[in-house]
Amino acid sequence: MTFEEKIYEVLRKVPRGKVTTYKNLAEKIGSKAYRAVGQAMRNNPFAPEVPCHRVVRSDGRVGGFMGKTTGKEIQKKIEMLTSEGVEIIDGKVADFSLRCF
DNA sequence: GAGTCATTCGTTG
DNA sequence: CAACGAATGACTC
């Protein structure tokens, strides 16, 4: 079980309609490698079980989903979040503090 | 073996 | 108040 595997396990526990942050995940597994968390998301060996789109920055920003990485397909994830009940406004999570797992 | 990456915190100007 | 650099862990070349 590697560090990233733990990330998937914790992220997997996040209920639908809620979001979490890289920092929160890293702290939950007992590490401060926030960046490593993003790495795990980038790999995303678990497609639907580990919703990387449910993970956002500490500021509530979606992070590397928009404007970075591939570019367009990312926006589809935003719509998926909205469909789940997570509103994304200006690339940020609405009521992020309330939805933070 | 070295470099990269979807972040966050701490210090300096 | 704003900007830059450092740290962390796995993956790829």
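Note that this is a predicted model, so its numbers are computed, not measured. Lettering of chains follows the sequences in order, A, B, ..., and the numbering in each one begins at 1.
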Intra- and inter-strand pairing of DNA chain C, written as dot-bracket with Watson-Crick and G-U pairs under 3.5 Å and | for the latter, reads |||||||.|||||
- Message: Could you walk me through whether A:Asn24 and A:Phe101 satisfy the side chain to side chain contact (heavy atoms under 4.5 Å, CB included) test, starting with their C-alpha distance in whole Å, then the side-chain angles of each, then the deciding distance to 0.1 Å, before giving a yes or no?
- Response: CA-CA 8 Å; A:Asn24 213 312; A:Phe101 179 61; 6.0 Å; no
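When the P atom of C:dT8 is taken as reference, atom CZ of A:Phe3 falls 12 Å away, rounded to whole Å. In this structure, the CD atom of A:Glu4 is 16 Å from the P atom of C:dT8, given to the nearest Å. Rounded to a whole Å, the CD1 atom of A:Ile78 is 15 Å from the P atom of B:dA6.
Among the nucleotides C:dG9, B:dT7, B:dA6, the one closest to the side chain of A:Arg42 is B:dA6.
Residues A:Cys100 and A:Thr21 are in side-chain contact: their nearest non-hydrogen atoms beyond the backbone lie under 4.5 Å apart. Looking only at side-chain heavy atoms (C-beta outward), A:Val37 and A:Phe3 come within less than 4.5 Å of each other.
Near DNA chain B, meaning a heavy atom under 4.0 Å away, the residues from residues 16-40 of chain A are A:Tyr22, A:Lys23, A:Tyr34, A:Arg35, A:Gln39.
A donor-acceptor pair is defined here as one N or O able to donate and one able to accept, closer than 3.5 Å; no such pair exists between the side chain of A:Tyr8 and the backbone of A:Glu49.
Here A:Ile29 contributes atom CD1 and A:Ile7 contributes atom CD1; the two are 3.5 Å apart, rounded to the nearest 0.5 Å. Atom CD1 of A:Ile88 sits about 5.0 Å away from atom CD1 of A:Ile78, to the nearest 0.5 Å.
Applying the side-chain hydrogen bond (donor to acceptor under 3.5 Å, both in side chains) test between A:Glu84 and each of A:Arg16, A:Arg54, A:Lys18 identifies A:Arg54 as the sole match.
For the pair A:Val56 and A:Arg61, the tightest heavy-atom approach, listed with the atom from each and the gap, is CB-O, 3.2 Å.
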